[in-house]
Amino acid sequence: MTSTLRPHDLIWLNARDALEETTESWVDDVWHTGLPVVVRRDVDEAGRIPVGVRGMKRCQRAAGWVNPDAVTRVCTPESLVDPQAMLRSPFISQPPVQVALLLSQQAWPWIWGITGSTGYALATGIPVIHASSDLDLLIRAPQALSREVLEKWQQQLTDGLCRADTQVETPYGAFALNEWLRDGRALLKTSQGPRLVSDPWSREE
């Protein structure tokens with residue numbers, strides 16, 4: 001189950017003490033095994049999974065580590081792109097979900113998903129979004145994508161009901177779509193740290 005985990009996947013754990021090395025004191029009061037943690041981008045020599053913990057407040061974010069055998073369930077960002085599920089969601093009236101629903105009703109030449117607070121809310125039913133929340137999106141891009149179609153996607157978000165940000169995931173890391181479209185360069189987030197690139201699909205630059 002854990003061999004294909006990727007950043008932004010939500011995972012549920014089998015025990016409270018499965019979450020290791022968190023330094024924020026609020027985690028002990030807020031987090032329990034009924035809540036998922038999110039896979040983040042990092043590397044551990046012992047093979048543990050790097051995760052982040054979300055609290056109910058925007059300022060409550062903590063990093064930790066998890067052993068793979070503690071994972072009981074996985075929810076990927078792309079599994080949340082289900083128009084019928086969004087229509088049934090208690091958050092359907094919220095602008096981020098409205099924008100995601102609109103995108104889900106169109107055909108795109110890539111796999112995409114919902115991350116951030118909107119993804120967390122859709123996956124858990126916990127009200128961590130409100131009318132002014134952002135929408136965070138992820139596009140899976142194992143091969144280079146057409147700039148023209150990416151601009152069409154970005155244009156829909158620019159004219160949308162809320163602020164929306166898209167991360168494009170390549171084999172070498174992830175970059176912010178709006179930054180790359182605007183500047184022709186972007187910071188590629190990798191497990192070894194960020195690097196500035198103009199071609200996010202190139203191993204070396």
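Predicted model, so just to flag it, every value in this text is computed and none were measured.
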*Heavy-atom closest contact (Asp9 atom, Pro77 atom, distance)*: OD1-CD, 3.3 Å
_Value rounded to 0.5 Å, distance of OG in Ser198 from CZ in Phe175_ = 11.0 Å
*Enter the distance from Leu101:CG to Gln84:CD here, rounded to the nearest 0.5 Å.*
9.0 Å
_NZ-CD distance between Lys189 and Gln167, expressed to the nearest 0.5 angstrom_ = 4.0 Å
*Would you indicate whether Gln106, at its atom CD, is surrounded by more than 12 heavy atoms from other residues, nucleotides or ligands within a distance under 6.0 Å?*
yes
*When you measure from the side chain of Thr158 to the backbone N and O of Gln154, does any donor-acceptor pair fall under 3.5 Å?*
yes
_salt bridge (Lys or Arg N to Asp or Glu O under 4.0 Å) for Lys152 and Glu148? Distances and angles first, verdict last._
CA-CA 6 Å; Lys152 178 185 174 186; Glu148 182 181 358; over 6 Å; no
*asked:* Please say yes or no: joined through hydrophobic side-chain contacts below 4.5 Å, possibly via intermediate residues, are Leu138 and Leu103 part of one cluster?
replied: no
*When hydrophobic residues are tied together by side-chain contacts of less than 4.5 Å, even through go-betweens, does Ile111 share a cluster with Tyr172?*
no
*Provide the closest heavy-atom pair for Leu181 versus Leu150 in the form atom of the first, atom of the second, distance.*
CD1-O, 4.1 Å
*Check whether Ile114 and Val168 end up in the same hydrophobic cluster, where Ile, Leu, Val, Met, Phe, Trp and Tyr are linked by side-chain heavy atoms less than 4.5 Å apart.*
yes
*Flag, side chain of Gln94 to backbone of Ala131, donor-acceptor distance under 3.5 Å*: yes
*Which pair of heavy atoms, one from Pro200 and one from Trp180, lies closest together, and at what distance?*
CD-NE1, 3.7 Å
_Counting C-beta onward and ignoring hydrogens, is there a side-chain heavy-atom pair between Val149 and Trp110 closer than 4.5 Å?_
yes
_Could you check whether Arg40 makes a cation-pi contact with Trp65, meaning its NZ or CZ is under 6.0 Å from the centre of the six-membered ring and within 45° of the ring axis?_
yes
*Do Gln60 and Val53 pass the side chain to side chain contact (heavy atoms under 4.5 Å, CB included) test, and can you show the C-alpha distance, the side-chain angles, and the key distance before you say yes or no?*
CA-CA 8 Å; Gln60 290 182 325; Val53 187; over 6 Å; no
*Can you check whether Leu177 reaches Leu137 side chain to side chain, under 4.5 Å on heavy atoms?*
no
*Taking the side chain as every heavy atom from C-beta outward, state whether Val43 and Gln192 have any pair of such atoms under 4.5 Å apart.*
yes
_Glu78 with Arg140: basic N within carboxylate O range, under 4.0 Å_ = yes
*Give the minimum heavy-atom separation between Leu10 and Pro36, together with the two atoms involved.*
CB-CB, 4.0 Å
*CA sep, side-chain torsions, deciding dist, call: Glu20, Arg48, salt bridge (Lys or Arg N to Asp or Glu O under 4.0 Å)*: CA-CA 10 Å; Glu20 303 174 0; Arg48 294 177 302 173; 2.8 Å; yes
*Flag, side chain of Gln98 to backbone of Ile92, donor-acceptor distance under 3.5 Å*: yes
*Is any side-chain heavy atom of Val51 closer than 4.5 Å to a side-chain heavy atom of Leu13?*
no
*State, to 0.1 Å, how close Thr22 and Gly64 come at their nearest heavy-atom pair, and which atoms those are.*
CG2-CA, 3.9 Å
_Are Val197 and Ser202 packed together at the side-chain level, in the sense that at least one heavy-atom pair is separated by less than 4.5 angstrom?_
no
*Which distance, rounded to the nearest 0.5 Å, do you find between the OG1 of Thr118 and the CE of Met86?*
10.0 Å
*Please examine the side chains of Arg54 and Val38, heavy atoms only from C-beta on, and report whether any two atoms are closer than 4.5 Å.*
no
*Atom pair CD1/CG of Ile129 and Leu135 - distance to nearest 0.5 Å*: 9.0 Å
*What distance do Ile49 atom CD1 and Ile11 atom CD1 have between them, rounded to the nearest 0.5 Å?*
4.5 Å
*Heavy-atom closest contact (Pro96 atom, Ser133 atom, distance)*: CG-O, 3.4 Å
*How about Pro50 and Asp44: do any of their side-chain heavy atoms sit closer than 4.5 Å?*
no
*Do the side chains of Trp12 and Val37 join up, straight or via other hydrophobic residues, at under 4.5 Å, putting them in one cluster?*
yes
*If we only count heavy atoms from C-beta on, is the Thr33 to Asn14 side-chain gap below 4.5 Å?*
no
*Would you confirm whether Thr170, through its side chain, and Trp201, through its main-chain N or O, come within 3.5 Å as a donor-acceptor pair?*
no
*Does any N or O in the side chain of Arg163 come within less than 3.5 Å of the main-chain N or O of Ser132, such that one atom is a donor and the other an acceptor?*
no
